[in-house]
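Step one of this worksheet: look at the structure below.
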Amino acid sequence: MTDAYHILKVALDVPLDRVFDYKTDKANTQIGQYVAVPFGARKMIGVVVGISDTSAIESKKLKSIIRLDPEVIFDELSFKLFQFCSQYYHYPLGQTILSAVPSRLKKLNTKAMAKKYLYRLTPRAIKLGVDQLPPRQTILKRIVMALIDANLLDESSLRSISSNWKKSIKTLHEMGWVEKEEVTLDEKVYIQASVPLLNNDQQEAFDEITKTKQAFKAWLLYGITGSGKTEVYIRLIEEALKQEHAQVLVLVPEINLTPQLETHFRSRFEKNILVTLHSHLTDNERLTHWRLAKEGQAQIVIGTRLSVFTPMPHLSLIIIDEEHDASFKQQEGLRYHARDVAIFRAKSENIPIIMGTATPSLETWFNATNTKDNKKFGFLKLTSRAVKDSALPEIKCIDIAKSSVTRGFSPYLIGAIKDRLQKKEQSLIFINRRGFAPVLLCSSCQWTGRCHRCSSRLVVHLNQKRLRCHHCGYDERMPQQCPSCGNTDLYPTGLGTQRIEETLKEFFPEARILRVDRDSTRTKEALDDLFLKMKNREIDILIGTQMLSKGHDFPHLSLVGVLDTDQALYSPDFRASERLFSQLMQVSGRAGRANIKGEVYIQTAFPNHPIFEALKTHDYEYFANELLKERKLAELSPFTFLVLLKAEAHQLSHVMEFLKDAMIHAQKLSTHVTIYNPVRPIMERLKGMERAQLVLQASSRVALQKLLDNWVPYLREIKLGQKVKWVVDVDPLEF
Ligand code: ADP
Ligand code: ZN
Ligand code: ZN
């Protein structure tokens with residue numbers, strides 16, 4: 001008897017770790033097709049992840065699918081990647097897949113590609129130059145400057161400059177400044193971009209990577225800021241693309257960084273099809289780009305973390321720029337780390353992966369330098385700046401314990417800013433404003449409360465008048481006087497950004513000051529505007545947070561002042577000093593990039609702290625190795641692996657009861673995993689929810705994973721779990 005139907009195993013976007021059976025009479029269904037199915041009283045969209053002739057469900061009870069989408073959205077290799085992520089991060093397969101592929105969009109006419117144009121400046125425009133544009137036309141100006149940089153821009157790059165780009169391009173066209181040309185994907189446009197000769201370091205890195213045959217190998221490309229990592233990426237991509245049908249994936253941290261890299265890449269890969277994937281694209285563009293990648297047509301894909309999942313049938317090289325950047329870690333839903341997923345992917349597709357950075361994460365540093373482990377990663381160094389005569393800035397510490405600080409500023413820093421104002425150079429005041437918890441500090445001997453069980457500082461809980469360890473839960477009364485010297489002047493540290501702006505305005509009423517933060521530069525337009533203003537010297541003093549520390553060039557910036565680092569030195573988060581160091585390295589890299597000498601002033605009460613000693617000599621290696629010793633002693637990452645169970649509910653008692661149940665069960669499951677007591681995180685309450693968390697720690701990833709395999713299903717069964725919202729974070733970056 002021939003059965004008239006097949007059973008489809010369908011993964012749905014529901015928080016259940018199972019697939020669902022449906023029947024269909026369609027014969028040639030494939031894994032990776034979208035499907036609409038009845039689910040309870042609703043209709044849901046799911047993905048076919050298996051096809052079978054049998055089901056554990058009685059055939060009478062089996063429901064039929066409603067509709068099947070003809071497009072296959074992922075291949076076998078991508079499916080393997082999803083399965084790995086689902087298992088490793090203990091997140092249901094259906095939710096993993098559906099968060100990794102673009103949501104099924106309303107029937108767009110995407111097969112027929114819309115006409116695309118590229119835009120360039122006319123010779124006349126190049127001769128005239130930006131200064132000949134009518135005044136106050138900032139968008140026109142920005143577009144022209146971008147065209148000067150990139151030679152040729154496509155629509156999505158123009159849109160990233162301004163949402164109003166069409167009107168501006170029309171104006172420029174009418175003025176005879178811009179010409180456009182239609183491109184089909186087959187037609188190739190050749191543009192000459194200047195190609196520097198590789199210096200010795202770059203050549204060595206290139207040779208080393210390319211001499212090994214095409215196979216899996218993870219490489220750390222460790223190069224100081226300005227050492228020319230991008231040029232090495234470009235050469236490697238060129239090399240990879242010499243093979244027929246090759247594709248390259250380039251992962252970048254944040255969208256704010258993409259336009260610069262993108263225009264640079266475009267000018268060098270004019271012959272190739274390059275697409276970007278990030279959240280600033282329209283749905284339509286995103287789908288078009290993604291399809292070009294999936295169908296093997298796009299040779300270069302530049303994208304943010306999610307693009308690590310893009311199906312690419314001919315993938316032959318992965319590059320991760322700014323490997324250490326925390327934005328590669330997704331902090332909700334599927335809590336994956338794009339770098340780690342990319343390494344798994346490279347391994348499973350047997351291709352090389354290059355991780356470039358000036359300040360590697362300690363995990364990567366360890367993998368690249370630890371000789372015992374037979375060097376898991378290849379290790380390559382670029383030791384000098386690529387552009388001649390561009391020196392690293394001089395870094396100085398200002399001891400604020402010894403100087404009279406007026407509302408956050410020492411006279412030295414004020415003097416340095418004044419000097420820059422006179423010289424018409426720019427200053428950047430950098431504030432490390434991450435949500436650090438206050439730490440109690442003794443004003444006379446710099447004592448701070450330390451936990452005796454962890455390598456962490458105790459956090460001030462002013463309301464309860466207690467000091468607490470956020471790592472293990474240790475807790476003590478807040479002392480009235482310094483336990484070390486008896487001084488009674490103990491204070492929690494902290495400074496506000498607005499206050500800093502006001503202070504600077506009072507000191508320098510004539511200066512043009514701009515404060516930037518996540519809120520004021522939410523859009524790329526705002527950020528581009530900022531860069532333009534800096535470039536045109538319309539700003540004298542910039543006040544900013546870590547978002548400014550990334551790879552932007554400010555040619556007229558010669559002073560960086562760093563305030564408020566000491567909280568980070570004594571943060572309860574064990575990664576705080578690693579982050580601080582990398583931020584300060586990056587932000588120092590902003591000063592004096594071109595031909596003016598840069599200076600960095602760091603205000604601190606601890607000028608002799610090893611972190612500053614290492615910074616002054618630009619010695620990441622020394623710092624990283626010291627930090628590794630500390631981590632080893634404290635049994636922290638990369639020597640151990642961590643898992644965080646985070647829970648929240650309206651009632652604290654529910655959260656605690658849930659976590660205790662979870663803890664007791666975990667203790668039964670493994671003897672090789674350390675299970676800590678439930679603790680409150682720094683943000684004890686968020687949006688009206690009471691929060692607490694539990695840390696698991698093990699020196700073996702396998703032991704930890706084995707425990708999770710049994711533990712997570714148990715968590716799903718805990719009754720109280722319905723009143724409690726919880727998530728499991730594997731390899732958490734934040735606590
Ligand atoms: P990184 O990414 O390592 O911080 P970049 O790739 O941005 O450094 O390079 C810094 C500058 O050096 C860029 O302006 C780049 O064009 C230039 N550059 C790179 N390689 C060379 C080279 N071999 N010769 C001359 N200039 C170079
Ligand atoms: Zn003291
Ligand atoms: Zn502790």
Side-chain angles (χ1 to χ4, degrees), residues 77-78 80-81 84-85 88-89 201-202 204-223 227 229-230 232-237 239-240 243 246-253 300-303 305 307-310 312 314-329 336-382 578 582 620-621 624-625 628 637-639 641 701-702 705 730-731 733:
L77 279 171
S78 307
K80 227 168 118 186
L81 193 62
F84 161 76
C85 284
Y88 185 78
Y89 293 108
D201 282 351
Q202 289 172 319
E204 232 165 77
F206 175 83
D207 290 344
E208 194 66 28
I209 294 170
T210 47
K211 84 175 182 214
T212 36
K213 69 172 187 359
Q214 180 73 8
F216 169 68
K217 169 112 188 168
W219 295 94
L220 168 62
L221 177 62
Y222 162 62
S227 61
K229 294 183 285 293
T230 315
V232 177
Y233 303 154
I234 288 176
R235 299 299 173 92
L236 290 170
I237 296 171
E239 192 63 24
Q243 312 160 61
Q247 289 182 290
V248 178
L249 174 63
V250 182
L251 296 173
V252 295
I300 304 171
V301 175
I302 302 181
R305 62 170 179 259
S307 57
V308 73
F309 294 110
T310 316
M312 294 170 73
H314 311 302
L315 185 62
S316 47
L317 172 66
I318 303 177
I319 288 169
I320 306 181
D321 192 26
E322 309 289 350
E323 165 279 332
H324 63 279
D325 198 288
S327 76
F328 284 123
K329 167 89 176 168
Y336 65 99
H337 198 301
R339 178 199 57 222
D340 299 340
V341 175
I343 293 172
F344 174 84
R345 184 169 180 182
K347 205 180 213 162
S348 102
E349 306 204 17
N350 202 26
I351 56 169
I353 176 168
I354 322 294
M355 292 167 267
T357 171
T359 53
S361 65
L362 269 203
E363 287 76 9
T364 298
W365 182 254
F366 179 70
N367 284 330
T369 56
N370 172 35
T371 40
K372 267 200 220 105
D373 213 12
N374 206 7
K375 287 203 186 174
K376 244 173 118 178
F377 294 179
F379 181 40
L380 302 164
K381 267 196 218 183
L382 307 180
E578 175 185 345
S582 108
Y620 167 83
E621 296 186 34
N625 293 332
L628 276 180
S637 179
F639 300 94
F641 303 96
R701 201 167 234 160
V702 177
Q705 281 291 332
V730 179
D731 306 327
L733 276 190

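Note that this is a predicted model, so its numbers are computed, not measured.
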- line: Only residue of L236, V232, I319 satisfying side-chain contact (heavy atoms from CB on, under 4.5 Å) with L221 is V232
query: Salt bridge or not for K229 and E323, using N-O below 4.0 Å?
result: no
query: With a 4.0 Å cut-off, would you call D731 and R701 a salt bridge?
result: yes
message: Can you confirm if the aromatic rings of F377 and W365 lie within a centre distance of less than 6.0 Å?
response: no
query: Quick one: are the ring centres of F366 and F639 less than 6.0 Å apart?
result: yes
So, do [X] and [Y] sit near enough that their side-chain heavy atoms are less than 4.5 Å apart?
| X | Y | result |
| --- | --- | --- |
| L220 | T357 | yes |
| Y233 | V250 | no |
| H337 | Y89 | yes |
| L251 | S307 | yes |

- prompt: Can you name the ring-ring contact (aromatic ring centres under 6.0 Å, His included) partners of F641, sequence neighbours left out?
  reply: none
Drop me the distance from [X]'s [atom1] to [Y]'s [atom2], to the nearest 0.5 angstrom.
| X | Y | atom1 | atom2 | result |
| --- | --- | --- | --- | --- |
| Q243 | Q214 | CD | CD | 5.0 Å |
| Q247 | L317 | CD | CG | 11.5 Å |
| L77 | E349 | CG | CD | 4.5 Å |
| D325 | I320 | CG | CD1 | 11.0 Å |
| I354 | L380 | CD1 | CG | 7.5 Å |
| R339 | F328 | CZ | CZ | 9.0 Å |

message: Over 60° means perpendicular and under 30° means parallel, so tell me whether Y620 and Y222 are parallel, tilted or perpendicular.
response: tilted
Which pair of heavy atoms, one from [X] and one from [Y], lies closest together, and at what distance?
| X | Y | answer |
| --- | --- | --- |
| P360 | E578 | O-OE2, 4.4 Å |
| F309 | C85 | CE2-SG, 3.6 Å |
| P352 | S316 | CD-O, 3.6 Å |
| A368 | G378 | CB-O, 4.4 Å |
| E239 | T210 | CG-CG2, 3.7 Å |
| S327 | R305 | O-NH1, 2.8 Å |

Is the side chain of [X] donor-acceptor paired with the backbone N or O of [Y] at a distance under 3.5 Å, no angle test?
| X | Y | result |
| --- | --- | --- |
| E363 | P638 | no |
| E204 | D201 | no |
| Y88 | Q705 | no |
| R345 | V308 | yes |

message: Looking at K329, I want to see if its NZ is surrounded by more than 12 non-hydrogen atoms of other residues, nucleotides or ligands under 6.0 Å.
response: yes
Residues which pass side-chain hydrogen bond (donor to acceptor under 3.5 Å, both in side chains) with T230, listed by chain and number, not counting sequence neighbours: none
message: Regarding T364 and S361, do their side chains bring together a donor and an acceptor under 3.5 Å, going by distance alone?
response: yes
